[in-house]
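Quick notes on the structure that follows.
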Amino acid sequence: MTLFTSDTEADRRTAARTAFVYLLVSLFFVLFGAVYEHFSHDVYSWYMIYAFAFPLLGGALPFSVMALLDACPVPTRLPLNLYHSGIATLAVGSVFQGVLEIYGTTSRLMSVYWTAGIVLTAAGAVLYLMGLLIRRKP
């Protein structure tokens, strides 16, 4: 099954727009971490500093690749929503872990962020790959 040129162009525009939004989100996390740590009395957290990496490496990078390659269609709605939710959960969990470290406390519930983020991201990626396999079968 082949895609029409207009479908491919629409997929590329959608992927490029999504990559740009992820870049903006990454920039927000960089600025948020810098401001928060500026007022944290010289107490730092690696989780806070590197929270931007989840939307950058998990969002902007793959969607930039999709925008550049014609062979990678944009995922359908369900895998896309699961994947976005997973990346958001990981980024927010990283910020929350950083806040707790800077404050000097811990929480048993932090494992929920990491587990949910990984499960949601993996579920979105697996559904996307399954959709690609189904799409390519004769």
Side-chain angles (χ1 to χ4, degrees):
M1 177 176 177
T2 58
L3 294 173
F4 294 106
T5 305
S6 61
D7 290 341
T8 304
E9 287 301 316
D11 277 355
R12 291 177 80 174
R13 280 194 307 272
T14 301
R17 191 174 326 117
T18 303
F20 181 71
V21 168
Y22 269 116
L23 280 173
L24 292 178
V25 170
S26 297
L27 179 63
F28 168 78
F29 278 111
V30 166
L31 294 174
F32 178 82
V35 169
Y36 194 92
E37 290 189 17
H38 176 73
F39 294 106
S40 67
H41 307 289
D42 292 329
V43 179
Y44 300 101
S45 168
W46 293 108
Y47 289 101
M48 183 73 76
I49 291 171
Y50 291 110
F52 75 92
F54 291 107
L56 184 66
L57 299 177
L61 181 65
F63 285 97
S64 295
V65 169
M66 283 182 199
L68 295 174
L69 298 178
D70 290 332
C72 295
V74 173
T76 56
R77 191 56 32 202
L78 178 62
L80 194 62
N81 287 343
L82 287 171
Y83 189 80
H84 289 329
S85 298
I87 296 296
T89 302
L90 290 170
V92 169
S94 184
V95 168
F96 189 55
Q97 179 74 39
V99 168
L100 290 177
E101 282 187 357
I102 290 170
Y103 187 67
T105 189
T106 60
S107 173
R108 293 178 295 132
L109 298 176
M110 280 310 303
S111 63
V112 173
Y113 278 104
W114 304 117
T115 304
I118 291 168
V119 167
L120 288 168
T121 304
V126 166
L127 285 176
Y128 173 64
L129 293 174
M130 286 174 53
L132 287 179
L133 290 174
I134 291 170
R135 191 183 274 189
R136 292 183 192 220
K137 283 188 176 179

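All values derive from a computational prediction rather than experimental measurement. Count residues from 1 along the sequence.
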Residue pair [X] / [Y]: nearest heavy atoms and the distance that separates them:
X	Y	value
Ile49	Glu37	CG1-OE2, 3.3 Å
Ile102	Met48	CD1-CE, 4.3 Å
Pro62	Gly58	CG-O, 3.2 Å
Met66	Val74	SD-CA, 4.3 Å

With sequence neighbours excluded, residues passing side-chain contact (heavy atoms from CB on, under 4.5 Å) with [X]:
X	answer
Val25	Val21, Phe29, Pro55
Leu78	Leu82, Leu127
Ala125	none

Side chain to side chain donor-acceptor pair (under 3.5 Å): which pairs involve residues 99-109, sequence neighbours left out? Ser45-Glu101
Should side-chain heavy atoms under 4.5 Å link Ile, Leu, Val, Met, Phe, Trp and Tyr, which residues sit in the same cluster as [X]?
X	result
Val35	Phe39
Leu31	Leu27
Leu24	Phe20

Does Tyr47 offer a backbone N or O that forms a donor-acceptor pair with the side chain of Ser94 under 3.5 Å?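 Yes, the answer is positive, given that a donor and an acceptor are paired below the 3.5 Å cut-off.
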Result for side chain to side chain contact (heavy atoms under 4.5 Å, CB included) between Leu90 and one of Val95, Ile118, Leu120 points to Ile118
Kindly indicate whether the side chain of [X], heavy atoms from C-beta on, has any atom under 4.5 Å from the side chain of [Y].
X	Y	value
Met130	Pro79	no
His84	Thr18	yes
Leu61	Leu56	no

Tell me, please, which residues at least two apart from [X] pass side-chain hydrogen bond (donor to acceptor under 3.5 Å, both in side chains).
X	answer
Gln97	none
Ser26	none
Tyr83	none

Under 30°, 30 to 60°, or over 60°: which ring-plane class applies to Tyr22 and Phe63, parallel, tilted or perpendicular? parallel
Using the test ring-ring contact (aromatic ring centres under 6.0 Å, His included), find all partners of Tyr50 that sit at least two apart in sequence or belong to another chain.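 Tyr50 satisfies ring-ring contact (aromatic ring centres under 6.0 Å, His included) with Trp46 once adjacent residues are dropped.
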Can you name the ring-ring contact (aromatic ring centres under 6.0 Å, His included) partners of Phe52, sequence neighbours left out?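 Not a single residue meets the ring-ring contact (aromatic ring centres under 6.0 Å, His included) criterion with Phe52.
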Shared hydrophobic cluster, Met110 / Val92 (ILVMFWY, side-chain heavy atoms < 4.5 Å): yes
Phe54 with Leu23, same ILVMFWY side-chain cluster at under 4.5 Å: no
